[in-house]
Structure formats: structure tokens, C-alpha cells
Amino acid sequence: MKIKLGVSACVIGDKVRFDSGHKRNHFICEELSPYLEFVPVCPEVGIGMSVPRPTIRLLDRGDEIGVRLVETKNPDADYTDKMTAFSRKKVDHLASMDLCGYVVCAKSPTCGMERVKVYQENGYVAAEKNGVGLYTQQLIARMPWLPIEEDGRLHDPVLRENFVFRIFALRDFYDCMADGVTRRAIVEFHSRYKLVLMAHCPMEYKSLGKFVAKIAEYDLDEFYVEYRTRFMQAIANRASRKNNTNVLMHLQGYFKRDLDKTEKEELAELIHSYRKGIMPLLVPLTLINHHLQQHPDDYLRQQSYLNPYPETLRLRYGL
């Protein structure tokens, strides 16, 4: 089953922007698309705006009125209420689809995830560019577990890897619940992601572990919702070099009885080189996976940390 990815329609090449253009993203459309089923949305078109159309922006009209979505050259043309109503209805529909991620168009007054310009009545931009597009606001509020990323930020190899990892992890979570949400399914999923949590958020690794240990004490539906949100927010923290090194050393410990002195020294040196920033993460992981083939371990083989997504995506080359 392909991964359902919500996406701003212009990011996959649909000519729906104000100037009849698009912002086609090569990585999404070429490298990631074989694994995806796109769910494209253009909020402006969704509320009936034309292509081409007048430009719009966020305008702060003060404490009583707040931030509004208006036409740039005609602030009396206000689309706030219509956009908010569309966004709520659309996002409620998306929430029922097992959507695994969303790529939004950066800087857009409807789709921008962060640092969207908010203008003042005098025409100047507010000192702090802290606006969020009206549509994306609803995505974040309604689905706090959903991986959301802007198209431009996907050029950063660390942000790109983390985003792709999260959408594959959420798809894995849903697949594990395909036969029904059970306590056993949640516990088994959590067990496979222990090293992932150790790398991404050691504090939540401990906290979620205690939470899962008490799963029998909770209403299952409520537990499912809370676990999904806490897990996805935990792995949204990018794994640091220090935390990855700790996980690598943890993995190294599983082979202490199987490797000879030379093999142990070789693995230790690669982990040390990664810690110092000389080698990418992929190098020690490749050797660990090699040793795992030679010396199988059921617990390690199920750990998502070792193979979180298809190798053909080559995402760990730059980490």
C-alpha cells in the first residue's frame, strides 16, 4: 500500500498558483513519488478563487479583528471566513484517511507552516515573521501527530531525512493496526521503535516506555490517540550525533560475544569516526547490518532504526 501524502497542489506541478504557475518539487515528484499516493489540495482553488487570481496576504487588523486573509491591492476583499470554513471541512475529511504526512507550500498565506509574512495596516510587515497559513493552522490543530513540512525545507538533508522517516513510521503504525487496534499491536510496534526513540528523544523514550507498560490501565481508544501523538511528536525531534552515537554503542554491545578483537576494533573505530563527524551515519550502520546477517538477533532484526525506509532513497548519506 502506498503512503498517502497530502500536498499543496502546486508542489506536484499543478498550475494553480496566482500567476498560473507551479512550484514543482523534484524530490517529492521524482524520488519519493514511487512510494506515495498524492492527495493534492489548493485551498485558494478550493474556495472558488480563479487561476490566475489577485494576490492575497495576511493582514493584522488589530486586537479586536485579528489577522485576516485579504487581497493585497484590495484589503476589503476578505477571504478569511470562507477559507477557515473550507479548511476545517477539508482537514476533517483528511483526518479520516490515514494520511501519513503533508508537504505545504512555503511562505503561502494559506499553506505556509512558519514565518509567513503578516502585514500591518500601514503596509509594513510585522517585525516578527511568525505567521502560519490559515489552512495549515487547521492541519496542525486537528492532526497534531501528522508530519508536516514545507517544500523549501526539503532541500536540507537533515530535515528531509527526518520528514521521510516520520511518514514511513506513521504508515508502519497504521499497518500494525490494520487488523484492529489492540494492546498487543501497540506494544509490539513500540518495541520495534525503542532505538528510534532513544536516538530522537531520550526523555520521551523513558516516558513512553512507562506509558506503554501501563497500557492495561487505560481505555484503549484513548491510549491509541495519545500514544500516536506523543510518539510522532517525539520522533519529530531530529536525532543528534550524540544520541545516534549512544544508539550505535548500544547496538555494538549486542555483538560483544560474536565478534573477534579485530572486528570489534573496526566497529568501534567507525562509531568513533561518526561521533567526530568524519563518517556519515550510514557507514557504521552498514557494518552493523552486516554483522547482524552473520550473527542473527531477533530483537535487533525487528528494530526500525536499522532500516527505517527503502535504501534506494539514500537519505542517510548526508547524516
How long is the span from the [atom1] atom in [X] to the [atom2] atom in [Y], to the nearest 0.5 Å?
{"X": "Gln137", "Y": "Cys111", "atom1": "CD", "atom2": "SG", "answer": "11.5 Å"}
{"X": "Leu270", "Y": "His272", "atom1": "CG", "atom2": "NE2", "answer": "11.5 Å"}
{"X": "Lys90", "Y": "Arg142", "atom1": "NZ", "atom2": "CZ", "answer": "14.0 Å"}
{"X": "Arg316", "Y": "Leu285", "atom1": "CZ", "atom2": "CG", "answer": "5.0 Å"}
{"X": "Arg115", "Y": "Glu150", "atom1": "CZ", "atom2": "CD", "answer": "10.0 Å"}
{"X": "Asp219", "Y": "Glu226", "atom1": "CG", "atom2": "CD", "answer": "11.5 Å"}

Shared hydrophobic cluster, [X] / [Y] (ILVMFWY, side-chain heavy atoms < 4.5 Å):
{"X": "Leu306", "Y": "Ile235", "answer": "yes"}
{"X": "Leu208", "Y": "Met232", "answer": "yes"}
{"X": "Leu319", "Y": "Leu159", "answer": "no"}
{"X": "Tyr317", "Y": "Ile271", "answer": "no"}
{"X": "Ile186", "Y": "Tyr218", "answer": "yes"}

SB check [X] [Y] (cutoff 4.0 Å):
{"X": "Asp98", "Y": "Lys4", "result": "no"}
{"X": "Arg68", "Y": "Asp81", "result": "yes"}
{"X": "Arg153", "Y": "Glu114", "result": "yes"}
{"X": "Asp172", "Y": "Arg192", "result": "yes"}
{"X": "Glu30", "Y": "Arg24", "result": "yes"}

pair [X]-[Y]: side-chain heavy atoms closer than 4.5 Å:
{"X": "Cys105", "Y": "Arg17", "result": "yes"}
{"X": "Leu139", "Y": "Tyr102", "result": "yes"}
{"X": "Arg230", "Y": "Ser207", "result": "yes"}
{"X": "Val16", "Y": "His22", "result": "no"}
{"X": "Cys100", "Y": "Phe168", "result": "no"}

Exactly one of Ile56, Leu59, Ile47 clears side-chain contact (heavy atoms from CB on, under 4.5 Å) with Leu69, and that residue is Ile56
Are [X] and [Y], when compared by the centres of their aromatic rings, separated by less than 6.0 Å?
{"X": "Phe27", "Y": "His155", "answer": "no"}
{"X": "Phe173", "Y": "Tyr193", "answer": "no"}
{"X": "His295", "Y": "Tyr254", "answer": "no"}

List the steps, then state whether salt bridge (Lys or Arg N to Asp or Glu O under 4.0 Å) holds for Arg171 with Asp175.
CA-CA 6 Å; Arg171 179 68 264 168; Asp175 287 345; 3.0 Å; yes
Do [X] and [Y] pair up side chain to side chain, a donor and an acceptor below 3.5 Å, judged on atom types alone?
{"X": "Glu71", "Y": "Tyr79", "answer": "yes"}
{"X": "Thr312", "Y": "Tyr35", "answer": "yes"}
{"X": "Tyr274", "Y": "Asn244", "answer": "yes"}

Could you give all pairs that pass the salt bridge (Lys or Arg N to Asp or Glu O under 4.0 Å) test and reach residues 292-310, with sequence neighbours left out?
none
Within 45° of the six-membered ring axis of Tyr119 and under 6.0 Å from that ring's centre, is NZ or CZ of Arg57 located there?
yes
Please determine whether side chain to side chain contact (heavy atoms under 4.5 Å, CB included) holds for the pair Leu5 and Leu99, giving the CA-CA distance in whole Å, both sets of side-chain angles, and the decisive distance to 0.1 Å.
CA-CA 6 Å; Leu5 184 79; Leu99 207 64; 6.0 Å; no
Test Phe211 against every option in Phe231, Phe223, Tyr224 by the ring-ring contact (aromatic ring centres under 6.0 Å, His included) rule and name the one that passes.
Phe223
